[in-house]
**Student:** 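My structure is below; once you've seen it, I'll send some questions.
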Amino acid sequence: MGDGFQSNADTLKAEGKNFSDIARDFHQATTKLRNGLAAQGDGGGGGGEAPKETTFSSVAQDAWKGLTTFSDKQGTPPWGDDELGEKFGVVYEGLRDGMTDSMKHLATKLDEIGRALERMAKNHEENEDFTQALIKEQKPEKQFAGEVRGLKSTAR
């Protein structure tokens with residue numbers, strides 16, 4: 001016969017907290033990703049707005065800015081507005097929105113698991129305390145002797 005089911009309330013609490021911490025970190029990473037995508041001017045679906053125009057003082061910085069941004073085409077996504085760019089945008093935006101929704105959902109579920117483990121630990125501790133109190137109330141040696149006598153009388 002096996003040792004039965006064993007659990008450790010302290011471990012359940014600790015792992016519940018770990019899941020909640022992972023959920024918080026994952027949510028923060030998801031938010032950072034959405035904001036980063038929005039900062040690249042991905043159309044706003046990434047969770048924020050495109051960055052404001054910045055004035056650079058040197059000619060070299062202005063040239064670099066012209067090569068790496070679409071500041072001359074306000075409202076144009078980074079992939080462009082030609083036929084190929086539009087097709088890419090449809091696919092990209094669908095994937096981006098699905099990914100960010102899924103990531104948000106995953107963070108929520110991780111947090112729910114963490115809270116459930118912590119509740120499980122609390123319930124386990126309460127159950128153990130209740131069981132110990134019941135055992136202390138009983139007088140096992142007298143109860144056991146009575147059960148043995150009862151078996152003998154019914155066996156005749």
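Computed from a predicted model, the values in this text were never measured in an experiment. Position 1 is the first residue of the sequence, and the numbers go up from there.
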**Student:** Looking only at heavy atoms, what is the nearest atom pair of F26 and A107, with distance?
**Tutor:** CD2-CB, 3.9 Å
**Student:** Identify, with sequence neighbours excluded, every residue that meets side chain to side chain donor-acceptor pair (under 3.5 Å) alongside E126.
**Tutor:** K122
**Student:** Does the side chain of H105 reach to within under 4.5 Å of the side chain of K109, using non-hydrogen atoms?
**Tutor:** yes
**Student:** How many angstroms lie between CG in L117 and CZ in F19, if you round to the nearest 0.5 Å?
**Tutor:** 6.5 Å
**Student:** So how far is it from N35 CG to T30 OG1, rounded to the nearest 0.5 Å?
**Tutor:** 10.5 Å
**Student:** Is the shortest distance from a Lys or Arg side-chain nitrogen in K104 or D101 to a carboxylate oxygen in the other one below 4.0 Å?
**Tutor:** no
**Student:** State the CD1-OG1 distance between I135 and T131, to the nearest 0.5 angstrom.
**Tutor:** 6.5 Å
**Student:** Are side-chain heavy atoms of Y92 and L37 found at a separation under 4.5 Å?
**Tutor:** yes
**Student:** Could you tell me if the side chain of E125 sits less than 4.5 Å from the side chain of D10, heavy atoms only?
**Tutor:** yes
**Student:** Are more than 12 heavy atoms from other residues, nucleotides or ligands located less than 6.0 Å from atom NE2 of H27?
**Tutor:** no
**Student:** Please round to the nearest 0.5 Å and tell me the distance separating atom CG of N8 and atom NZ of K13.
**Tutor:** 10.0 Å
**Student:** When you look at S20 and E118, which way does the side chain to side chain contact (heavy atoms under 4.5 Å, CB included) test go after all the steps?
**Tutor:** CA-CA 10 Å; S20 294; E118 290 180 40; 4.0 Å; yes
**Student:** Can you list the residues that meet the side chain to side chain donor-acceptor pair (under 3.5 Å) rule with E86, with sequence neighbours excluded?
**Tutor:** none
**Student:** From L106 CG over to I22 CD1, what is the distance, rounded to the nearest 0.5 angstrom?
**Tutor:** 10.0 Å
**Student:** Determine, step by step, whether M99 and M103 satisfy the side chain to side chain contact (heavy atoms under 4.5 Å, CB included) criterion, reporting the C-alpha distance in whole Å, the side-chain angles of both residues, the deciding distance to 0.1 Å, and the verdict.
**Tutor:** CA-CA 6 Å; M99 177 193 66; M103 292 171 71; 3.5 Å; yes
**Student:** Atom CG of L134 and atom CG of D129: how far apart are they, to the nearest 0.5 Å?
**Tutor:** 11.0 Å
**Student:** On a heavy-atom basis, which atom in P78 and which in Q40 lie closest, and how many Å separate them?
**Tutor:** CG-O, 3.0 Å
**Student:** Using a 4.5 Å cut-off on heavy atoms from C-beta on, say whether the side chain of V91 contacts that of K87.
**Tutor:** no
